[in-house]
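A short worksheet on the structure shown next.
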Amino acid sequence: KYNGSKWRFLEHKGPVFAPAYEPLPEKVKFYYNGKPMKLSAPAEEVATFFAKMLDHEYTTKDIFRKNFYKDWRKEMTSEEKSIITDLKKCDFSEMNEYFKAQSEARKQMSKEEKQKIKEENERLLSEYGFCIMDNHRERIGNFRIEPPGLFRGRGDHPKMGMLKRRIRPEDVIINCSKDSKHPKPPPGTKWKEVRHDNKVTWLASWTENIQGSIKYIMLNPSSRIKGEKDWQKYETARRLKKCVDRIRTQYREDWKSKEMRIRQRAVALYFIDKLALRAGNEKEEGETADTVGCCSLRVEHIKLFPKMDEQEYVVEFDFLGKDSIRYYNKIPVEKRVFKNLQLFLENKQPEDDLFDRLNTSILNKHLQELMDGLTAKVFRTYNASITLQQQLKELTCCDDSIPAKLLSYNRANRAVAILCNHQRAPPKTFEKSMQNLQTKIDEKQNQLSAARKQLKAAKANHKASHDDKSKKAVEVKRKAVQRIEEQLMKLQMQATDREENKQIALGTSKLNYLDPRISVAWCKKWGVPIEKIYNKTQREKFAWAIDMAEKEF
DNA sequence: CGTAAGACTTGCCAGTAGGCTG
DNA sequence: CAGCCTACTGGCAAGTCTTACG
């Protein structure tokens, strides 16, 4: 790469701010202790955030309510503070109904009104949604600044319910090139800073008040700068492929090391490689939900079974990973790993670290020595991509129809998603949509038997008359049967696919782990149109791979 | 060194646009 | 042509890893 600079020229219009708060109409009242009470604008705004969430379960949770109440009080006038002393006595229901009515009204808007809003959005997008980076007009990923609201973390988050404050121009740092037309802050305001740092890719940033972390405005995945990075990531994974055998031999050797830290490192790496676990950085206690990855696993997260059913040396994993998604898996491991784990567990409490001599920085430093650019997450990318490739090879039958091939593709994708533990909550409408599909299949089946009957009749007719007309009729009917058979099969494939996908999310692996060149090559090889695999956005993101297109990869 | 800040990737999900169907 | 359904998109939280700092 050229001296670490990410661009030479960068020009943009700055971010779009959240719309200002619109006070509630007079008639919509907040009640305290049964009596109507007019709130000051700042207190009212925060109250509306809570009112909008009334239907959610988390507004009943203690931590959520406590955090909300604490932050809400900060927005109250001293008079309000003295009156409002108990959240339980607050009645937001009228506000809640008002917002429901509003969203109902939005749905009922006329076509013209909807059209107008759409046009306004398009205008905003064309004005603020693009930037110029090195001679290219590029799409910005997120050009809107996050609106204020109540923070809802995932899982059991200690900060749920806290007020996410409104971001003002004075909070925002702009990054652009010196010689560009600088974005103008809204009238009467100033940016926090305008800088010209071409060592980074972001266009604007601000500090968020919940975790104190920085949020960025960056480019869309279709941009050159993101695409190149993505390509680089897969190239690193390919380099790992070349030396993975050596690395595996090495860590197996390290299981026998005299040094505890090396054994721990080697066992952790084995898990990362075999199970595609995440690295597992340390987290600050009390700041986030209690989740772990490989290096931060605790004693309480694994159980050892010298014998389980037919298998020996089984390890049971049960922990919450990223986004508090549960990882549950029972796997047989090699004897040496098992013995090492027993050793690591000796004299420890459930809440102690399993790998007490290891953290991600030690592990990554070691990986860096094994291969340039190697880190823990490269294993996830590598194993995901190689699994896709193997599964595609195994599952694709050359004389399958396109729908059958697509089912194979999705199954290969699914194998990866399972490996990476990419789960989803079953869609709320899952049962119904499954039923709908079944109805369609039943209908199609009836159609098919009807068509078959007709074909039979046509054949009988032809046998009797032997004329050209009846022969044609047979052909027509035969075609019809064939067409319906195809349609039926397609529906059945869809049903199978959907059923198998109930709790599995394919999107994340498809977007972040699977080398798109594998998929593109597969499409080429089997004559499957690329649109069947990637939608428009995905094709834009993977344009670099689609352009390279070869039959083999 | 260890720790914090900074930059960038990965992750799930709710809301909605737009296609389909009765 | 409305209502329904689905696929997509955007939102933003939560990871990983690098860099800066004392």
Side-chain angles (χ1 to χ4, degrees), chain A residues 4 6 18 56 103 106-108 111 114-115 117-118 121 125 129 140-147 149 151-155 157 159-160 164 173 175 197 199-202 205 207-208 210-221 225-226 229-230 232-233 272 278-284 287-289 291-296 320-325 359-365 367-368 373-381 384 417 420-430 432-433 435-437 440 494 498 505-513 534-538 540-541:
Chain A
K6 308 285 172 70
H56 277 116
S103 85
R106 222 169 305 129
K107 274 185 219 150
Q108 298 302 322
K111 243 192 294 185
K114 283 184 181 168
Q115 185 60 25
I117 291 174
K118 200 179 154 195
N121 278 335
L125 175 68
I140 297 172
N142 56 322
F143 58 90
R144 286 167 204 275
I145 284 192
E146 296 170 19
F151 175 81
R152 171 67 182 117
R154 303 204 239 267
H157 198 114
K159 298 195 171 183
M160 64 168 83
K164 200 169 81 166
I173 302 174
N175 193 30
D197 181 357
K199 301 281 187 284
V200 297
T201 68
W202 53 267
S205 74
T207 301
E208 152 269 355
I210 303 289
Q211 316 280 356
S213 65
I214 307 171
K215 300 264 186 163
Y216 301 92
I217 287 191
M218 290 186 189
L219 298 194
N220 187 277
I225 207 155
K226 293 285 186 192
K229 200 80 192 296
D230 207 35
Q232 230 176 62
K233 173 181 80 184
I272 284 171
R278 295 187 187 82
N281 284 306
E282 304 97 297
K283 303 169 74 186
E284 225 175 319
E287 294 292 302
T288 59
T291 63
V292 297
C294 187
C295 294
S296 50
L320 296 182
K322 181 175 179 179
D323 292 309
S324 293
I325 298 291
N359 61 40
T360 53
S361 113
I362 294 171
L363 179 67
N364 280 334
K365 209 159 281 166
L367 293 176
Q368 180 60 45
L374 186 61
T375 62
K377 84 188 184 82
V378 179
F379 282 89
R380 245 167 109 81
T381 312
C420 294
N421 200 38
H422 290 142
Q423 301 186 31
R424 63 167 181 176
K428 289 188 174 50
T429 54
F430 185 83
K432 189 148 74 150
S433 88
Q435 249 169 28
N436 288 351
L437 200 50
K440 273 192 196 169
Q494 262 179 31
R498 201 176 291 183
L506 300 186
T508 300
S509 50
K510 199 175 196 174
L511 240 47
N512 299 301
Y513 289 105
Y534 291 139
N535 69 32
K536 187 164 145 283
T537 329
Q538 296 171 156
E540 278 165 13
K541 166 166 175 160

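Scope of the values below: all heavy atoms of this structure, side chains included, with no hydrogens, waters or symmetry mates. All chains are named by letter (A, B, ...) in the order of the sequence lines, taking the proteins before the strands, and each is independently numbered beginning at 1.
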Sugar-phosphate only, base, or nothing, as touched by A:Lys428 at under 4.0 Å among non-hydrogen atoms: sugar-phosphate
Sugar-phosphate, base or nothing in reach of A:Lys322, heavy atoms under 4.0 Å: base
Touch class at under 4.0 angstrom, heavy-atom based, for A:Ala376 against every strand present: sugar-phosphate
Protein-nucleotide distance (A:His422, atom NE2; C:dA14, atom C1'), rounded to Å: 13 Å
Sugar-phosphate only, base, or nothing, as touched by A:Thr537 at under 4.0 Å among non-hydrogen atoms: sugar-phosphate
Euclidean distance, atom CD1 of residue A:Ile140 to atom C1' of C:dG11 [Å, nearest integer]: 16 Å
Sugar-phosphate only, base, or nothing, as touched by A:Asn281 at under 4.0 Å among non-hydrogen atoms: base
Bounds of contact between DNA chain B and chain A, in 5' to 3' order, using a heavy-atom cut-off under 4.0 Å: B:dG6 to B:dG18
Touch class at under 4.0 angstrom, heavy-atom based, for A:Lys164 against every strand present: sugar-phosphate
5'-most by nearest nucleotide on DNA chain B - A:Arg106 or A:Thr207: A:Thr207
Sugar-phosphate, base or nothing in reach of A:Pro221, heavy atoms under 4.0 Å: nothing
For A:Arg152, all residues meeting side-chain hydrogen bond (donor to acceptor under 3.5 Å, both in side chains), sequence neighbours excluded: none
Side-chain donor/acceptor contact of A:Arg154 with base of C:dA13 under 3.5 Å: yes
Rounded interatomic separation in angstrom, taking NZ from A:Lys541 and C1' from C:dC8: 15 Å
Sugar-phosphate only, base, or nothing, as touched by A:Ser361 at under 4.0 Å among non-hydrogen atoms: nothing
Heavy-atom side-chain proximity of A:Arg278 to A:Lys377 below 4.5 angstrom: no
Whole-Å distance separating the NZ atom of A:Lys199 from the P atom of C:dT19: 12 Å
Comparing A:Gly373 and A:Thr429 on DNA chain C - which has the more 5′ nearest nucleotide: A:Thr429
Touch class at under 4.0 angstrom, heavy-atom based, for A:Thr291 against every strand present: sugar-phosphate
Separation of atom CZ in A:Arg424 from atom C1' in C:dA7, rounded to whole Å: 11 Å
Atom-pair distance (CG on A:Asn121; P on C:dC8), nearest Å: 21 Å
Heavy-atom closest pair, residues A:Lys541 and A:Pro221: CD-CB, 3.7 Å
Sugar-phosphate, base or nothing in reach of A:Tyr216, heavy atoms under 4.0 Å: base
Minimum side-chain heavy-atom gap A:Gln211-A:Thr288 below 4.5 Å: yes
For A:Tyr513, ring pair (Phe, Tyr, Trp, His ring centres under 6.0 Å) partners two or more places apart: A:His422
Sugar-phosphate, base or nothing in reach of A:Ser205, heavy atoms under 4.0 Å: nothing
Polar side chain donor-acceptor pair, A:Thr291 to A:Lys283, under 3.5 angstrom: yes
First of A:Arg278 and A:Asn220 reached from the 5' end of DNA chain C, by closest nucleotide: A:Asn220
For atom CZ of A:Phe430 and atom P of C:dA7, their distance in whole Å: 12 Å
Min side-chain heavy-atom separation A:Ile173-A:Trp202 under 4.5 Å: yes
pair A:Cys295-A:Leu363: side-chain heavy atoms closer than 4.5 Å: yes
Short side-chain N/O contact to C:dA13 OP1/OP2 from A:Lys215, under 4.0 Å: yes
Nearest-neighbour nucleotide for the A:Asn364 side chain, C:dC5, C:dA14, C:dC17 considered: C:dC17
Atom-to-atom span, CD of A:Glu287 to C1' of C:dA13 - whole angstrom: 15 Å
Residue pair A:Lys233 / A:Val378, side-chain heavy-atom distance below 4.5 Å: no
Residue closer to the 5' end of DNA chain B, A:Lys226 versus A:Ala505 (nearest nucleotide): A:Lys226
Sugar-phosphate only, base, or nothing, as touched by A:Gly280 at under 4.0 Å among non-hydrogen atoms: sugar-phosphate
